[in-house]
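A quick write-up on the structure given underneath.
In this text, all values refer to a predicted model and were calculated from it rather than measured experimentally. We count residues from 1, following the sequence as given.
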Amino acid sequence: PVKDGEEHLFNPKTIDLLQESLINGDYAKYKEYSKAIRNDYHVTLRSLMELNYPVGGGIPIEEVEPEESIVKRFKAGAMSYGAISKEAHEAIAIAMNRLGSTSNSGEGGEDVARFKPLPNGDSMNSEVKQIASGRFGVTANYLIHAKELQIKCAQGAKPGEGGQLPGKKVYPEIGKARHSTPGVELVSPPPHHDIYSIEDLAELIYDLKCINKDARISVKLTSEAGVGTIAAGVAKAKADNILISGYDGGTGAAGRTSVKHAGVPWELGLSETHQTLMLNRLRDRVKLEVDSKLMTGFDVAVAAMLGAELFGFGTLPLVAVGCKMARVCNLNTCPYGVATQDEKLRARFTGKPEYVENLMIFIARELREIMARLGIRSVAELVGRIDLVRQKSQDDNFKLSRVDLKRVLFHPYIDASVGHM
Ligand code: SF4
């Protein structure tokens, strides 16, 4: 709880525990952090859920997919160079590339120097490159240096709004990467002005496949009522991945009104999308990804059970490299050198790729422990296993006892109402 009485999952206690664990590579401390997140607060839908562990026990942990393989499903979320500092952006990219996973350029291009590997074998190249409505920095050279091209249709934290970068953060090097004018505020339009239908989207997907035939094409949607129908259209437009982004996260540069009043939790959008794709026999055409404040192995387990196969982390890697949630990202005054372009503040940056690597490994380790207890051998086996999660009894809490998660925890192939399937 903070002084205004609102509960925050990230607070001084959880931030300190997490940062200490990552700096020292201390898994026991990470478990303290994870326990604090799980036990102290009821601010998420998943905190109202518990897992259905089998009565006879699970399987030996050695039989479960190794951590190194699990982390390949973890991705760093889209945060642009400009919103965050060069040091933070590069540290996260190096860490994710070392793990064989991906980081995301975010909206706003990338310095071409990062496309070449470093002499020590590391790479600062963001393997996922975003195509957002402002199209800043989207050049042919940018597009061919990606393993995945992500069309951002909306942002979970501020659905209906485009990205915003205040003029004071548009330093000359940022302007260069974005092919824009330094000092001038960059506000992306809410929609892509060439996409007003699924057919338009299909055309852009086709164009992107033409320029980079090896890249997977992902479409980022936001969690909202009806997103399942949109996702069905996106699958038909031949996207390879669909990302469902919830309302948490990405809030650094979002307006106060959006932070407080827009968007819905990923649990709702993800389960609706998974169910709709199943019922329309489209589920096998796409991979489903989810992001928005996934914070622990438990969160990832629930996301997989609700249908996700890939998992994005935005705020967490920022905390790993030093963010303490001062929440002034849009002011260019981040005291930890994470979300600022000011050279003096950037000099204070203390983050290292190793901390982000520890973060991903620890989450994978925790997930692996959960899978062993559940008797599940791989993440692939866990996807869509809605039978392994249930709503907690909240008899002691009148308000929470009135929350009904039946429709979220619904399996379209098991339920009698769709028995004809
Ligand atoms: S410390 Fe504050 S300003 Fe810096 S990245 Fe974190 S939330 Fe943003």
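The closest donor-acceptor contact from the side chain of N141 to the backbone of V112 lies at 3.5 Å or more, if one exists at all. For the pair T14 (side chain) and L9 (backbone), a donor-acceptor distance under 3.5 Å is present. Without hydrogens or angle criteria, K220 side chain to A132 main chain gives no donor-acceptor distance under 3.5 Å. Remark: the backbone N or O of V403 is paired with a side-chain donor or acceptor of Q391 at under 3.5 angstrom. At distances below 3.5 Å, not a single donor-acceptor pair connects side-chain atoms of Q155 with backbone N or O atoms of G163. Between the side chain of Q341 and the main chain of K169, no donor-acceptor pair closer than 3.5 Å is present. E272 places a side-chain N or O within donor-acceptor distance of the main-chain N or O of G226, the cut-off being under 3.5 Å. A distance-only check finds no donor-acceptor pair linking the side chain of E366 to the backbone of K31 [under 3.5 Å]. At distances below 3.5 Å, at least one donor-acceptor pair connects side-chain atoms of N212 with backbone N or O atoms of L143. Side-chain atoms of E267 do not come within 3.5 Å of backbone N or O of T44 as any donor-acceptor pair.
Residues satisfying the side-chain hydrogen bond (donor to acceptor under 3.5 Å, both in side chains) criterion with Y27, sequence neighbours excluded, are E369. When the side chain to side chain contact (heavy atoms under 4.5 Å, CB included) test is applied to I230, the partners found at least two apart in sequence or on another chain are L221, E224, V234. E20 pairs by the salt bridge (Lys or Arg N to Asp or Glu O under 4.0 Å) definition with K29, not counting sequence neighbours. Residues passing the side chain to side chain contact (heavy atoms under 4.5 Å, CB included) test with K236, sequence neighbours excluded: L282, R285. Shown here are the salt bridge (Lys or Arg N to Asp or Glu O under 4.0 Å) partners of K116, two or more places apart in sequence or in another chain: there are none. With sequence neighbours left out, the side chain to side chain contact (heavy atoms under 4.5 Å, CB included) criterion links V389 to M49, L51, M305, I386, L409. Annotation: salt bridge (Lys or Arg N to Asp or Glu O under 4.0 Å) contacts of K209 (sequence neighbours excluded): D240. Applying the ring pair (Phe, Tyr, Trp, His ring centres under 6.0 Å) test to F298 and every residue at least two apart in sequence or in another chain returns nothing. Taking S271 as the reference, nothing meets the side-chain hydrogen bond (donor to acceptor under 3.5 Å, both in side chains) condition, with sequence neighbours excluded.
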Let me have the donor-acceptor pairs involving side chains of residues 68-78, under 3.5 Å, with sequence neighbours excluded, atom names and distances please.
{"unit_1": "S69", "atom_1": "OG", "unit_2": "E65", "atom_2": "OE2", "d": "2.5"}
{"unit_1": "K72", "atom_1": "NZ", "unit_2": "E68", "atom_2": "O", "d": "3.3"}
{"unit_1": "R73", "atom_1": "NH1", "unit_2": "E309", "atom_2": "O", "d": "2.8"}
{"unit_1": "K75", "atom_1": "NZ", "unit_2": "E148", "atom_2": "OE1", "d": "2.7"}
{"unit_1": "K75", "atom_1": "NZ", "unit_2": "E148", "atom_2": "OE2", "d": "3.2"}
{"unit_1": "K75", "atom_1": "NZ", "unit_2": "E289", "atom_2": "OE1", "d": "3.1"}

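To the nearest 0.5 Å, atom CG of residue L149 and atom CD1 of residue I217 are 4.5 Å apart. In this structure, L359 CG and F313 CZ are separated by 7.0 Å, a value rounded to the nearest 0.5 Å. Separation of atoms CD1 (I198) and NZ (K238) is listed at 12.5 Å; rounding is to 0.5 Å. Taking CD1 of I37 as the start and CE of M295 as the end, the distance is 3.5 Å to the nearest 0.5 Å. Here the CG atom belonging to N125 is positioned 7.5 Å from the OG atom belonging to S103, to the nearest 0.5 angstrom. Remark: C323 SG to I15 CD1 distance equals 6.0 Å, nearest 0.5 Å.
Of all non-hydrogen atoms in T340 and S85, the two that sit nearest each other are O-CB, 3.1 Å. Closest approach of E67 to A364, counting heavy atoms only: O-CB, 4.1 Å. Counting all heavy atoms, side chain and backbone alike, L294 lies closest to F311 at CD1-CB, 3.8 Å. For the residue pair L270 and A303, the shortest heavy atom distance occurs at CD2-O, 3.4 Å. Taking every heavy atom of both residues into account, G384 and H411 meet most closely at O-CD2, 3.8 Å. C153 and V219 get closest at one heavy-atom pair: SG-CG1, 3.8 Å.
A salt bridge is defined here as a Lys NZ or Arg NE, NH1 or NH2 lying under 4.0 Å from an Asp or Glu carboxylate O, and E90 with K86 meets this definition. Ion pairing between a basic and an acidic side chain is recognised when a charged N comes within 4.0 Å of a carboxylate O; R348 and E87 show no such pairing. A salt bridge is absent between D342 and K344; no separation between the charged side-chain nitrogens and carboxylate oxygens falls under 4.0 Å.
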Next item on the list: Evaluate the criterion side chain to side chain contact (heavy atoms under 4.5 Å, CB included) for residue pair V321 and V356; output intermediate values, then yes/no.
Entry: CA-CA 7 Å; V321 294; V356 181; 3.6 Å; yes

Notebook entry, point to check: Where do N97 and M124 land on the side chain to side chain contact (heavy atoms under 4.5 Å, CB included) test, with the steps shown first?
Noted result: CA-CA 8 Å; N97 286 331; M124 301 191 290; 6.0 Å; no

Next item on the list: Could you walk me through whether L316 and L18 pass the side chain to side chain contact (heavy atoms under 4.5 Å, CB included) test, one step at a time?
Entry: CA-CA 9 Å; L316 229 46; L18 181 64; 3.9 Å; yes

Next item on the list: Go through the steps for I211 and I144 under the test side chain to side chain contact (heavy atoms under 4.5 Å, CB included), then give the verdict.
Entry: CA-CA 7 Å; I211 193 156; I144 58 171; 4.2 Å; yes

Next item on the list: Please step through salt bridge (Lys or Arg N to Asp or Glu O under 4.0 Å) for the pair E354 and R98, ending with a clear verdict.
Entry: CA-CA 10 Å; E354 289 73 17; R98 279 186 193 164; 3.1 Å; yes

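Between R46 and D299, some side-chain heavy-atom pair lies under the 4.5 Å cut-off. Put simply, the side chain of M96 does not reach to within 4.5 Å of the side chain of E127, judged on heavy atoms. Counting heavy atoms from C-beta outward, S180 and V170 have side chains that approach closer than 4.5 Å. Between W266 and V302 there is a side-chain heavy-atom pair separated by less than 4.5 Å. Under the 4.5 Å side-chain criterion, counting only non-hydrogen atoms from C-beta, V379 is in contact with L367.
Applying the ring-ring contact (aromatic ring centres under 6.0 Å, His included) rule to pairs touching residues 131-151 yields F115-H145, sequence neighbours excluded. Residue pairs meeting the side chain to side chain donor-acceptor pair (under 3.5 Å) criterion with at least one member in residues 131-140, sequence neighbours excluded: R135-H192, R135-D194.
Under the 3.5 Å distance criterion, with hydrogens and angles disregarded, a donor-acceptor pair is assigned to the side chains of E110 and S126. Remark: the S245 side chain and the D291 side chain contain an N/O donor-acceptor pair separated by less than 3.5 Å.
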